[in-house]
Amino acid sequence: MQLTTKFLRPTSDPRAVKRERLSALLEPDSPRRLNLVIAPAGFGKTTLVAQWCSRSSSPTAWLSLDEHDDEPRRFWQYVTGAFEHAGLTGAGDLRKKLAHSTNEAFTEAITGLINTLAGDGSPWALVLDDFHFIRDPAIHRQFAYFVDYLPPGVVVTLASRTEPPLPLARWRVRRWIQDIHPGLLAFSEEECRQFFQGTMGLEISEEDVRAICRKTEGWVAAMQLSALSGKGSSGGTTQIDLDERHISDYVLSEVLDQQPVELADFLLETACCPRLCASLCDAIRSSDDSQEILEKLLSQNLFLIPLDTRNEWFRYHDLFRDALLLRIRHSQPEKAEQLWQRTVNWLMGHGHVQEGIAQIVRHEDWHWLARVLAEHGNNLIHSGYHLPVLNWLDALPQDLVTDNPQLQMLRIWGLFFANRVDTLAPLLTSLEDLLDRHVADSHPDAEGALGLQSEISLMRSYLARTRSDDKSATDLTRQVLKEIDHTRIPLKSVTYYGLGLDYYGKGELAEAEDALQSAVRYGQVEQKPSTVLSSGGLLAWIQYNRGDIDMALDTCTDVRQWVDRHYADPSQPRLISCWQNSTLCEIHRERDHPQLSATHLQPLLEHVDRGTEAGQHVVIQYVRGHLAFSEGKLQEAIEALEDAAQTARKRREQILFEPPASSALLARCYLASGYPDKARACLDSRADAEFTNPLNLEQNRISEARVMVALDQPERAQEILSSLLQPAERNAHNRHLVEILLVYGEALALQERKVESRQMLTRAISRAAEAGFMRLLAEESPYLRSLLLSLPALNAPGSWNSRVRAMLLKQEDMAGTIAGATEAEPERSRKTPETLPEPLSQRELEVLALIHQGHANKEIASRMSVAPATVKAHIRNLYGKLGVARRTEALARAREFGLLDN
């Protein structure tokens with residue numbers, strides 16, 4: 001006799017969360033034959049399938065399996081019984097035949113069921129719940145035969161905790177399978193909210209919803225257990241705490257106690273591992289079979305989550321791991337402690353230092369933490385972990401830090417990288433006093449303490465930079481370089497980075513490049529990703545400004561690839577450099593790829609929002625303003641640049657280097673907006689004496705010359721620019737050199753010195769083309785753009801020339817937004833035909849008008865009563881005089897010179 005309750009589909013609770021996105025996946029869809037719903041206990045497999053069945057119009061046979069059904073005759077009797085209970089004609093006869101069949105006759109009975117389904121012709125659905133209870137290989141072979149020969153329209157749905165050993169790969173290739181895995185079954189945050197408020201009738205805060213969803217990772221059973229713990233609350237918002245005791249009982253009874261001894265022991269022994277791999281598990285278990293067991297656990301969906309695509313690294317669901325830890329610590333405390341120590345030692349020995357330290361901190365083994373920080377802290381800080389190191393130092397008892405020079409120096413480095421430089425001077429003095437006492441007292445570590453003197457000197461050199469004491473900074477840095485080979489501390493990378501900053505601050509770009517290349521090289525040797533990124537980023541920034549754009553891009557790429565190879569920690573955000581991302585933003589902006597530029601800017605904006613170091617804040621806002629300026633978003637640019645200028649003034653004492661001159665770019669924004677007086681006031685607010693970096697002084701003076709041009713004082717502009725020309729050329733400040741030549745050419749043109757203007761602009765074009773600058777030309781005034789478009793040098797063949805011409809013409813379409821012509825000189829936006837190098841003839845003007853009306857060459861020839869060849873000749877001459885290559889360019893140029901009405 002069969003237990004008919006096994007054929008009853010669970011009633012769908014009307015309050016349950018409706019999971020339409022998953023129910024839709026279960027719907028029949030040719031050529032599908034199998035829905036596979038696989039997940040650990042408590043993920044809502046049965047509820048989901050029951051919901052789907054309740055809304056399906058197809059006849060459905062339901063069978064809830066248990067451990068007693070793992071026998072071929074009983075299994076197939078219940079399968080046919082499920083069809084019989086659901087109303088399939090002939091299923092009852094098949095069930096009776098099975099009762100008397102031999103094992104060899106099962107295939108015949110299964111074939112009979114397939115034929116019966118085919119004869120019925122209805123789109124039947126068969127649901128087998130808890131299929132993981134079926135382990136008999138004979139049943140698996142028979143079931144594979146059953147699925148292989150199912151008639152069209154019949155779909156089987158298996159709900160199981162483990163993936164069954166069926167020919168799934170073959171079926172997936174044939175598109176017979178719809179997989180629903182734990183990641184899909186996990187509740188989303190919105191579904192979590194619906195569950196607590198709708199299903200459980202609890203009012204909980206949004207913060208609790210997010211916290212519980214994050215902690216449970218969408219595991220429905222854990223949510224339900226935690227919801228039941230809050231049922232006793234009355235009135236107002238319910239406070240929900242994850243009831244770890246109930247969750248632990250559930251895990252231990254429903255999962256762990258159901259496993260074979262070998263798997264259960266493995267789960268308990270590896271619960272101390274925050275992440276798992278075969279090598280780690282083998283080491284702590286003193287075995288060599290861990291990879292095989294891990295893959296078995298993965299196939300059985302025992303709350304094991306892969307962390308890569310190669311099945312090398314895994315982790316347990318946090319609540320599952322917590323339950324396992326609770327069991328082993330209670331039942332075998334000494335073994336649990338031994339396994340934990342082996343785990344930490346393996347992590348430390350295999351380069352997972354921060355993970356090992358996190359375990360030590362949780363265990364509150366302070367003496368071990370002090371030893372580990374003294375050994376590894378320096379490298380951790382230079383790898384971007386300065387904030388965690390500071391937190392770990394704060395966790396140590398004070399007496400362990402007070403008399404330990406290495407830990408004190410570690411705190412100083414951490415505070416330095418956290419930009420808390422105002423706290424460093426007294427700490428350095430205190431550390432020097434401690435070192436003196438150690439030497440005087442012949443302390444056992446006196447020799448090591450002396451090695452810290454170089455670090456102290458290097459730190460004092462950085463502090464000297466914040467005071468603009470360049471001589472002291474350089475002297476101290478060079479002293480460190482002399483002593484560095486005699487110390488045990490790897491400091492060459494950060495020392496050369498300091499030298500690079502010094503040279504960059506003096507505008508000595510070639511020397512800065514050499515120092516920064518050394519910083520990158522030594523940073524790679526010393527395994528200091530943070531220093532490599534910062535040094536490489538500043539190096540690329542210099543190369544970009546020097547006009548080596550391709551080289552700058554290569555530097556960014558090479559440094560990024562090295563860091564990604566040597567710095568990979570999924571628990572930490574991706575390490576980035578302000579200098580490098582800013583350089584990439586500028587490069588792609590200059591090449592007229594604003595969207596790509598914005599992708600490199602976005603991570604920097606997140607740093608600004610969270611609060612970043614003052615100098616970085618200024619650089620980021622400068623780059624942000626420049627991109628907005630290039631896109632014609634003048635108000636956005638002004639806001640970013642005003643913030644940059646204000647931060648640079650207010651927090652000057654906290655900035656280790658002089659950031660770009662925001663005031664210079666801000667003045668250009670005011671000019672583009674038609675406010676030359678504001679631009680002048682902006683520049684006048686900064687005295688030249690404030691600039692220690694000649695690059696910034698140059699930048700400001702060039703903007704001053706632009707203002708003079710806008711105020712119709714070209715002679716004064718020429719005077720300013722003539723003093724900048726030779727130093728910029730001599731020091732390879734090539735970006736500035738192009739700008740100087742451009743504005744100089746405009747000033748000469750306004751003085752009617754046309755030949756000299758063309759010569760100067762031709763030099764600018766040559767320099768810009770050599771370096772690859774493009775947007776730089778398009779951001780100049782409309783009058784200067786018209787001068788450039790008339791240059792033969794720019795109208796020569798070549799991809800760079802074509803792109804720049806197109807960019808300049810496109811800029812005219814933005815004239816309403818970027819009106820480079822100022823209120824003081826409105827007539828420069830329109831020129832008369834006399835300003836052309838060679839005026840257009842009457843016939844050419846007539847052809848131009850007909851082109852403007854949209855006529856083709858044949859129509860123009862007909863209207864002018866001339867031959868088509870004559871029209872082509874007129875057009876060729878017309879293009880030559882206007883310096884263009886096609887109709888759209890000719891019309892745009894003609895409008896600039898006032899030859900056409902808009």
Side-chain angles (χ1 to χ4, degrees), residues 465-471 473-474 500-513 538 541-547 579 582 586 614-615 618-619 621-623 625-626 629 641-642 644-649 651-653 655-671 679-710 713 716-744 747 764 767 773 776 779:
R465 289 187 188 92
T466 67
R467 301 189 303 270
S468 299
D469 186 356
D470 294 339
K471 185 177 186 309
T474 302
L501 278 173
D502 288 343
Y503 285 127
Y504 174 64
K506 297 173 186 176
E508 298 174 5
L509 301 190
E511 292 80 358
E513 274 194 275
L538 180 55
W541 179 271
I542 290 171
Q543 290 167 337
Y544 163 75
N545 278 282
R546 199 190 58 195
W579 282 122
S582 295
E586 283 286 272
V618 176
V619 173
Q621 291 293 70
Y622 173 85
V623 172
H626 204 173
F629 174 69
L641 294 165
E642 284 180 340
Q646 187 178 32
T647 302
R649 285 194 301 270
R651 300 175 64 185
R652 181 66 192 92
E653 295 302 314
I655 300 176
L656 297 177
F657 56 90
E658 187 176 283
S662 305
S663 54
L665 187 52
L666 181 58
R668 296 188 65 186
C669 292
Y670 287 137
L671 283 178
R680 185 171 194 171
C682 169
L683 296 174
D684 289 346
S685 67
R686 293 291 304 268
D688 287 353
E690 291 184 46
F691 295 105
T692 58
N693 188 329
L695 284 165
N696 293 339
L697 178 58
E698 271 180 6
Q699 196 175 13
N700 230 48
R701 299 300 303 280
I702 296 168
S703 284
E704 185 182 346
R706 286 191 175 94
V707 172
M708 293 299 102
V709 167
Q713 300 178 37
R716 174 59 185 147
Q718 183 185 342
E719 182 183 335
I720 294 169
L721 296 167
S722 61
S723 67
L724 301 177
L725 192 55
Q726 288 186 351
E729 194 157 18
R730 182 174 62 250
N731 294 312
H733 298 174
N734 290 324
R735 179 175 176 82
H736 287 174
L737 179 59
V738 173
E739 294 185 62
I740 291 166
L741 293 168
L742 287 171
V743 183
Y744 207 140
R767 290 278 187 168
F773 294 124
L776 183 152
E779 290 170 0

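- For the pair R735 and E586, the salt-bridge criterion is not met [side-chain N within less than 4.0 Å of a carboxylate O].
- Between L509 and N731 the shortest side-chain heavy-atom distance does not fall below 4.5 Å.
- In this structure the side chain of E779 reaches within 4.5 angstrom of the side chain of R668, judged on heavy atoms.
- Put simply, the side chain of V619 reaches to within 4.5 Å of the side chain of P660, judged on heavy atoms.
- Here A644 pairs with V618, Q621, S662 under the side-chain contact (heavy atoms from CB on, under 4.5 Å) rule; sequence neighbours left out.
- To the nearest 0.5 Å, atoms CG (N696) and OG (S663) are separated by 8.5 Å.
- Annotation: side chain of E729 is not in contact with side chain of Q726 (no heavy-atom distance under 4.5 Å).
- A heavy-atom distance below 4.5 Å is found between the side chains of L742 and L776.
- Within the 4.5 Å cutoff, the side chain of V707 has no heavy atoms near those of the Y670 side chain.
- Between H736 and H733, the angle of the ring planes goes over 60°, which puts this pair in the perpendicular group of the 30/60° scheme.
- Looking at Q699, R706, E704 one by one, the single match for side chain to side chain contact (heavy atoms under 4.5 Å, CB included) with I702 turns out to be R706.
- A donor-acceptor pair under 3.5 Å is formed between the side chain of S723 and the backbone N or O of I720.
- Applying the side-chain contact (heavy atoms from CB on, under 4.5 Å) criterion to E511, with sequence neighbours excluded, gives Y503, E508.
- Taking the side chain as every heavy atom from C-beta outward, L741 and L725 approach each other to under 4.5 Å.
- Here E698 pairs with nothing under the salt bridge (charged side-chain N to carboxylate O under 4.0 Å, His left out) rule; sequence neighbours left out.
- Of the possible polar contacts, one joining the S722 side chain to the E719 backbone as a donor-acceptor pair under 3.5 Å is found.
- Side chains of N545 and N734 form no contact here, defined as non-hydrogen atoms less than 4.5 Å apart.
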